[in-house]
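This is the structure I have questions about; it appears just below.
Every heavy atom of this structure was used, including side-chain atoms; hydrogens, water molecules and symmetry mates were not. Just so you know, ligand 1 is whichever comes first in the structure, and atom 1 is the first atom listed for that ligand.
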Amino acid sequence: MSLRREDARLAGQRIVISAGPTFEDIDPVRFIGNRSSGKMGFAIAAAAARRAADVVLVAGPVTLPTPMGLRRVDVRSAAQMHAAVLAELPADVYVGAAAVADFTPQRVAPSKIKKQAGVDTLTLELVRTTDILADVAAHAQRPRLVVGFAAETDHVEQYARGKLEKKKLDLIAANRVGIAGSGFESDDNALMVYWRDGERALGPAPKTQLADALLDLIAERLHA
Ligand code: C5P
């Protein structure tokens with residue numbers, strides 16, 4: 001297999017990618033989750049493996065097949081994803097494409113929570129999860145390039161740039177909403193990528209093509 005010259009820039013680079021949702025258990029049969037399909041993160045991982053990068057894909061609960069040429073680590077909760085990602089450092093690049101739950105139940109009920117006669121409400125106490133992306137960016141073994149995602153509905157640039165700064169990222173890819181077919185469960189997407197002194201619009205395009213465009217940008221910034 002031969003690579004385009006620009007593709008070869010990621011050969012041998014260690015790239016850790018998180019993808020998919022996390023499920024936060026409430027009791028043995030119920031959980032809090034979200035609609036992330038994992039397609040974008042899996043597409044980035046597959047494209048990076050095609051460029052001969054050394055890829056680790058940390059996957060939340062998804063129904064996607066494992067792309068060729070990479071190592072996959074399956075996790076369920078935000079806490080498990082946090083531990084699995086940090087265990088893979090050091091790395092050259094981290095791409096946080098997972099839709100990590102922001103809150104998790106304070107305690108998991110050991111047995112199924114039952115309805116009670118005459119009681120019409122149930123209160124769940126939730127606590128914040130640890131920010132994996134911010135922890136990777138602040139880590140002693142910080143990857144040379146830390147890339148985050150942002151799902152924003154409005155003030156996209158303002159919120160995305162706020163996250164870039166606050167989480168100390170090198171790149172942030174914001175989903176461009178309001179574009180037909182873009183979003184969580186779709187096969188297509190459009191991204192607006194920001195870094196400290198630049199920006200680039202990618203797509204709209206199938207997630208597989210968008211993954212390659214994002215990797216081109218990652219390779220560029222890695223060698224900037
Ligand atoms: O702050 P917000 O959740 O919008 O930021 C989204 C980015 O942060 C995504 O890249 C997501 O993977 C990451 N994130 C994380 N750990 C969390 C929450 C979000 O790594 N607990």
Let me have the donor-acceptor pairs involving side chains of residues 94-109, under 3.5 Å, with sequence neighbours excluded, atom names and distances please.
residue : atom : partner : partner atom : Å
Y94     : OH   : S18     : OG           : 2.9
T104    : OG1  : E24     : OE1          : 2.8

When you check ligand 1 against the protein, what N or O pairs turn up below 3.5 Å? List the atom names and distances, or just say none.
residue  : atom   : partner : partner atom : Å
ligand 1 : 1 (O)  : K167    : NZ           : 2.9
ligand 1 : 4 (O)  : K163    : NZ           : 2.5
ligand 1 : 5 (O)  : K167    : NZ           : 3.0
ligand 1 : 8 (O)  : K167    : NZ           : 3.0
ligand 1 : 10 (O) : G96     : O            : 2.6
ligand 1 : 10 (O) : F149    : N            : 2.9
ligand 1 : 10 (O) : F149    : O            : 3.3
ligand 1 : 12 (O) : G96     : O            : 3.3
ligand 1 : 12 (O) : A98     : O            : 2.7
ligand 1 : 16 (N) : I132    : N            : 3.0
ligand 1 : 20 (O) : I132    : N            : 3.4
ligand 1 : 20 (O) : L133    : N            : 2.8
ligand 1 : 21 (N) : T129    : OG1          : 3.3
ligand 1 : 21 (N) : T130    : O            : 2.9

So does I132 get a backbone contact from the side chain of T130, meaning a donor-acceptor N/O pair under 3.5 Å? no
Where the side chain of D25 meets the backbone of D27, is there a donor-acceptor pair that is under 3.5 Å apart? no
Can you tell me if CG on D120 sees more than 12 non-hydrogen neighbours from other groups inside 6.0 Å? no
Name each donor-acceptor pair under 3.5 Å that joins a side chain in residues 78-86 to protein atoms two or more places apart or in another chain, with its distance.
residue : atom : partner : partner atom : Å
Q80     : OE1  : R76     : N            : 2.7
Q80     : OE1  : S77     : N            : 3.3
H82     : NE2  : D135    : OD2          : 2.8

Once salt bridge (Lys or Arg N to Asp or Glu O under 4.0 Å) is applied, do any residues pair with R14, and if so which ones, sequence neighbours excluded? D54, E88
